[in-house]
Amino acid sequence: MAYWLMKSEPDAFSIDDLAGSPDATAPWDGVRNYQARNMLRDQMQVGDQVLFYHSSCAVPGVAGLAEIVRSGYPDPTAWLPDSPYYDPKSSQDKPRWYCVDVRFIGRFEKVVPLSILRGQPELSDMPLLRPGNRLSVMPVEPHHWMIILHLAGWTAPSH
DNA sequence: GCCAACGTTGGC
DNA sequence: GCCAACGTTGGC
């Protein structure tokens, strides 16, 4: 099982939007970056865990957890002429873009802000914190995952 | 294949 | 709204 971080602008799609989706599941579509596309298409597997990151907002940071429930498949929004993600160069035969389905696991009591992440020397080698990194999907090392869940005060929901 | 121009991302 | 960093585009 692998760990990932996925960025979303909460004004467009927040962790609460995911929680409120049917079956708390939604496609992670609209990614239009080749490096991120390759991870969606080739690497992300059902059961992988995801840090849901809020970007371009008042307090950017990790807002909660999700998991992959469907591995990479062609992103249908690329075929919709009315979609902001439409790409005429993506065909049914040769899809250019891919997406996965993610399901809500939990929301952190408080967002773990980017500023706090930057304050942790142990996290300094996270791609997220590297200057100029603009990837919207990136892998997370297990020890980084543990540190962030600890910062969030996260305890798995009991049943 | 180079590289300038342009567009996008995303923190601040 | 600004701007740095980076990716993409397209002329040559």
Side-chain angles (χ1 to χ4, degrees), chain A residues 2-21 26-44 48-68 72-102 104-141 143-145 147-154:
Chain A
Y3 298 113
W4 303 94
L5 181 144
M6 301 174 86
K7 291 183 185 174
S8 182
E9 301 187 17
D11 289 346
F13 189 76
S14 72
I15 192 161
D16 292 328
D17 293 326
L18 178 61
S21 296
W28 200 279
D29 53 23
V31 174
R32 298 292 178 265
N33 169 282
Y34 288 103
Q35 218 181 326
R37 187 276 311 270
N38 294 344
M39 289 188 269
L40 293 166
R41 186 187 60 191
D42 305 330
Q43 292 181 247
M44 303 181 84
D48 286 358
Q49 307 285 107
V50 175
L51 297 172
F52 194 120
Y53 182 91
H54 282 175
S55 65
S56 295
C57 55
V59 183
V62 183
L65 301 182
E67 66 180 325
I68 306 297
Y73 63 98
D75 182 346
T77 65
W79 300 325
L80 305 175
D82 291 338
S83 167
Y85 305 124
Y86 178 61
D87 182 354
K89 292 176 184 161
S90 183
S91 67
Q92 301 267 345
D93 284 352
K94 291 194 95 182
R96 175 172 295 202
W97 304 113
Y98 282 72
C99 59
V100 298
D101 287 354
V102 299
F104 176 79
I105 292 179
R107 190 184 201 287
F108 293 157
E109 206 166 309
K110 284 183 181 173
V111 169
V112 179
L114 180 62
S115 57
I116 295 292
L117 299 179
R118 289 200 189 283
Q120 311 298 316
E122 311 92 324
L123 298 180
S124 59
D125 51 337
M126 284 188 80
L128 175 73
L129 306 181
R130 278 208 305 261
N133 175 58
R134 295 183 309 164
L135 267 183
S136 64
V137 173
M138 61 194 100
V140 175
E141 299 294 330
H143 66 286
H144 294 154
W145 176 273
I147 292 167
I148 292 169
L149 262 58
H150 180 74
L151 290 170
W154 172 260

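All chains are named by letter (A, B, ...) in the order of the sequence lines, taking the proteins before the strands, and each is independently numbered beginning at 1.
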(request) Could you list the residues that satisfy side-chain hydrogen bond (donor to acceptor under 3.5 Å, both in side chains) with A:Trp28, not counting sequence neighbours? (result) none
(message) Taking salt bridge (charged side-chain N to carboxylate O under 4.0 Å, His left out) as the definition, give me every residue that meets it alongside A:Arg41, ordered by chain and number, with sequence neighbours left out.
(response) none
(request) Output every pair passing salt bridge (charged side-chain N to carboxylate O under 4.0 Å, His left out) with a member in residues 7-16 of chain A, not counting sequence neighbours, ordered by first then second residue. (result) A:Asp16-A:Arg107
(request) Under the side-chain hydrogen bond (donor to acceptor under 3.5 Å, both in side chains) rule, collect the residues that match up with A:Tyr73, sequence neighbours excluded. (result) A:Asp101
(request) Take the C1' atoms of the five end pairs on each side of the helix from B:dG1-C:dC12 to B:dC12-C:dG1, derive the two axes, and give their angle rounded to 10 degrees. (result) 10°
(request) Please list all pairs passing the salt bridge (charged side-chain N to carboxylate O under 4.0 Å, His left out) test where one or both residues lie in residues 113-131 of chain A, with sequence neighbours left out. (result) none
(message) Strictly below 4.0 Å, N to O, side chains only: are A:Asp75 and A:Arg32 in salt-bridge contact?
(response) yes
(request) Tell me, please, which residues at least two apart from A:Ala19 pass side chain to side chain contact (heavy atoms under 4.5 Å, CB included). (result) A:Phe104
(message) Heavy atoms only, 4.0 Å cut-off, all strands: where does A:Ser56 land among base, sugar-phosphate and nothing?
(response) base
(message) Show every salt bridge (charged side-chain N to carboxylate O under 4.0 Å, His left out) that has at least one partner inside residues 53-62 of chain A, sequence neighbours left out.
(response) none
(message) Restricting to side-chain hydrogen bond (donor to acceptor under 3.5 Å, both in side chains), what partner residues turn up for A:Asp42, sequence neighbours left out?
(response) none
(request) Mind checking side-chain hydrogen bond (donor to acceptor under 3.5 Å, both in side chains) for A:Gln49 and listing every partner two or more places apart, or none if nothing turns up? (result) none
(message) Going 5' to 3' along DNA chain C, which are the first and last nucleotides with any atom under 4.0 Å from a heavy atom of chain A?
(response) C:dA5 to C:dT8
(request) Output the residues of residues 126-138 of chain A in contact with DNA chain C, where contact means a heavy atom of the residue under 4.0 Å from an atom of the strand; sort by number or write none. (result) A:Pro131, A:Gly132, A:Arg134
